[in-house]
Amino acid sequence: MKNDEIRASLLKRSRATKNERFGKILTGLCIAIILTVVLAIFYFVASKGLATFFKDKVNLWKFLTGTVWNPGTTDAQGNPQVGALPMIVGSFGVTFLAAIVATPFAIGAAVFMTEISPKVGKKVLQPVIELLVGIPSVVYGFIGLSVVVPFVRRTFGGSGFGILSGTFVLFVMILPTVTSMTIDALNAVPRNYREASLALGATRWQTIYKVVLRASTSGIITAVVFGMSRAFGEALAVQMVIGNAMLLPSNLISPASTLTSVLTMGMGNSVMGTLSNNALWSLALLLLIMPLVFNLIIRRIAKKGAMHR
Amino acid sequence: MKKKWLYLLGLPALTLMLTACEFKQTGQSITAVGSSALQPLVEAAGDEFTKENSGEFINVQGGGSGTGLSQIQSGSVEIGNSDLYASQKSGIDASKLVDHKVAVVGVTPVINPKLKLTNLSIAELAKIFSGDITNWQQLGGPDQTIVVINRAQGSGTRDTFERWVMKGQTSMQAQEQDSTGMVRQIVASTPGAISYMAFPYVDKTIKTIKVDGVSPTSANVTTNKWQIWSYEHMYTNGQPTGLTKRFMAYVLSDKIQQKVVAEMGYIPVNDMKVSRTLKGKVAKINS
């Protein structure tokens with residue numbers, strides 16, 4: 001009898017086991033839902049975006065290199081005018097320029113905050129940077145429209161709308177992201193590297209330049225690529241200052257457009273299932289693929305950085 | 001430990017219950033989606049309607065004429081607002097939709113207020129928007145580059161403007177904006193800028209101009225002296241029934257037409273002294 005009770009209690013699932021199973025199922029369910037959503041989005045965007053090429057028979061190469069975007073009309077040969085090159089150039093233009101401008105500032109600020117004056121950095125600069133991250137993009141766009149655009153117009157001529165204005169706005173937007181990730185990268189450099197360098201008689205500047213920055217290169221590049229992927233996907237703020245002309249930009253102050261700006265402008269005005277709508281989905285597909293590429297680059301860099309250590 | 005889980009599960013459940021309550025209170029409601037040019041009017045009419053018929057709500061959303069037409073075609077909303085005739089839009093089967101012309105709206109060219117110009121001919125306007133004229137000097141203005149600002153492709157306002165000004169010519173690739181509000185702000189702040197917008201959106205920050213000597217006024221639209229105008233359509237999928245039917249009748253009632261429509265800068269359909277067909281044929285209305 002007693003044996004049976006012990007046997008039963010041993011065979012029965014304890015409370016802790018039940019809790020554990022419950023937790024397992026719950027977390028598993030969460031993952032499953034997230035995965036389903038992601039896959040569904042991918043499937044939806046891909047099926048719509050690829051319809052341009054399979055259903056409407058648009059040449060992929062022409063789509064990527066054509067310069068006339070006018071999906072509602074056809075050219076002399078009867079081919080629909082869906083050339084996405086102006087938008088692709090615009091998107092990459094603002095992204096790279098913003099990254100190029102932002103990187104030196106970000107590294108400078110990060111070095112100051114980790115190596116030169118960590119106290120001021122923690123107390124003053126950290127909150128400022130966190131604040132910048134939290135500002136909604138429409139506010140950046142609004143400031144861009146009412147401050148940056150007139151400034152560019154007065155200083156460089158033109159209408160003020162263009163890649164240059166977009167660069168300025170994106171620069172401010174990605175700066176906090178890149179800076180805070182660079183800070184993490186610099187903080188990750190082991191303390192004994194710095195100590196060894198200083199013990200060998202190197203000055204602080206020599207230590208920063210020759211040891212700390214070198215050791216954290218892969219982390220800094222990751223930060224920059226991360227910032228670029230944010231800049232690439234930004235829609236609203238850029239749309240407000242870039243001018244939205246589907247033209248190949250001839251210079252930095254002529255109106256241009258980005259993939260995102262064309263998407264947000266065209267969505268409401270096209271009918272599901274028509275070529276104009278499918279062409280927009282193709283742009284969306286491009287936008288979906290690019291962060292993937294950026295992510296792959298980041299992983300590559302991280303791997304390389306890990307091997308050096 | 002167990003209690004925490006309960007809280008976690010309880011929160012979404014509670015939200016669900018609360019939203020369910022809200023649904024219950026709403027009673028009956030219909031949704032109207034589409035044209036942003038027509039949106040303020042439908043919103044105002046919807047508010048009035050709810051005041052008189054408590055418990056019945058009209059949800060009004062923007063999104064553009066294309067959205068309105070595609071949503072009504074797929075049957076996901078009760079009313080689709082559009083600046084265009086449904087048959088003008090590719091991908092729309094107009095035969096199933098019933099057109100209700102609820103108002104007329106005029107579209108006027110607008111320029112930056114610093115420009116001294118007061119009059120342009122239709123031909124000059126067409127040349128500006130096709131890119132043949134690029135400097136205000138060519139039109140007797142100051143030596144200043146013309147900054148053309150277009151609405152996004154497929155916009156109802158742009159369609160109206162291109163139809164009656166460009167007359168089939170394609171306009172050049174220029175800056176595009178997806179909302180009239182943005183157009184107004186940019187024209188107001190950019191020297192040498194020109195664009196166009198529906199009458200209800202005109203304010204003091206920008207300047208309207210005469211076209212071929214005709215001023216952009218509602219009175220000139222009713223006689224078709226001002227030719228750049230379009231009907232505002234509210235489409236239903238088949239003949240409307242129930243709440244939709246009553247709301248459509250309400251929008252077309254004298255109360256809304258004479259008070260709200262005119263106050264907001266639209267033109268009541270009944271005030272029109274001419275009618276215009278889809279193909280652009282104008283006929284006098286005998287009253």
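Because the structure is predicted, anything quoted here is derived from the model rather than measured. Order of the sequence lines sets the chain letters (A, B, ...), proteins ahead of strands, with each chain counted from 1.
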* Identify which part of B:T145 has an atom lying under 4.5 Å from any heavy atom of chain A, answering side chain, backbone, both or neither. =>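 Interface part for B:T145: neither.
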* In terms of heavy-atom proximity below 4.5 Å to chain A, should B:Q71 be classed as side chain, backbone, both, or neither? ->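 Interface part for B:Q71: neither.
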* Report the C-alpha distance between B:S35 and B:D83 in whole Å, list the side-chain angles of each, state the deciding distance to 0.1 Å, and finish with yes or no for side chain to side chain donor-acceptor pair (under 3.5 Å). => CA-CA 6 Å; B:S35 158; B:D83 304 336; 2.7 Å; yes
* Is it true that the side chains of A:Q239 and A:T264 contain a donor and an acceptor less than 3.5 Å apart? ->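 Yes, because at least one side-chain N or O of A:Q239 sits under 3.5 Å from a partner of the opposite role on A:T264.
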* Asked: Between B:Q61 and B:T31, does any side-chain donor sit less than 3.5 Å from a side-chain acceptor?
  ->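 Absent: no donor and acceptor within the cut-off.
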* To do: Taking side-chain contact (heavy atoms from CB on, under 4.5 Å) as the test, write out the residues that go with B:I146, two or more places apart.
  =>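 Residues passing side-chain contact (heavy atoms from CB on, under 4.5 Å) with B:I146: B:I128, B:I133, B:W136, B:L139, B:V148, B:I194.
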* **chain B contact via A:I242 - which portion, at a heavy-atom distance below 4.5 Å** =>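 Answer is neither: A:I242 stays 4.5 Å or more from chain B.
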* Side chain, backbone, both or neither of A:N70 within contact of chain B (heavy atoms, under 4.5 Å) ->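 Contact with chain B is through both the backbone and side chain of A:N70.
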* Asked: Just one of B:F129, B:W164, B:W229 clears the ring-ring contact (aromatic ring centres under 6.0 Å, His included) bar with B:Y196, so which one?
  ->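 Of the listed options, the one satisfying the test is B:F129.
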* To do: Could you tell me which of A:S261, A:S276, A:A245 has the largest number of non-hydrogen atom pairs under 4.5 Å with chain B?
  =>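 Answer, by heavy-atom pair count under 4.5 Å with chain B: A:A245.
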* **Pair B:Q39-B:V60, side chain to side chain contact (heavy atoms under 4.5 Å, CB included): steps then yes or no** => CA-CA 7 Å; B:Q39 192 183 354; B:V60 186; 3.9 Å; yes
* Counting heavy-atom pairs under 4.5 Å to chain A, which of B:L84, B:I149, B:I186 comes out on top? ->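 The residue among B:L84, B:I149, B:I186 with the greatest pair count is B:I186.
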* To do: Mind ranking B:M182, B:R151, B:M172 by heavy-atom pairs under 4.5 Å with chain A and telling me who comes out on top?
  =>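 The option with the most such pairs is B:M182.
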* Do other residues, nucleotides or ligands put more than 12 heavy atoms under 6.0 Å from the CZ atom of A:F142? ->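 No, because the 6.0 Å sphere around CZ of A:F142 holds 12 heavy atoms or fewer from other groups.
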* To do: Return yes when atom NZ of B:K101 has more than 12 non-hydrogen atoms of other residues, nucleotides or ligands closer than 6.0 Å, and no otherwise.
  =>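 More than 12 heavy atoms, drawn from other residues, nucleotides or ligands, come within 6.0 Å of this atom.
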* Taking only heavy atoms into account, what residues of residues 147-173 of chain A are found under 4.5 Å from chain B? ->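 Residues A:R153, A:S159, A:F161 are the ones that qualify, each having a heavy atom under 4.5 Å from chain B.
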* To do: Indicate the atoms forming the closest heavy-atom contact of B:L115 with B:Q144, along with that distance.
  =>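 In this case the closest contact between B:L115 and B:Q144 is CD2-OE1, 3.9 Å.
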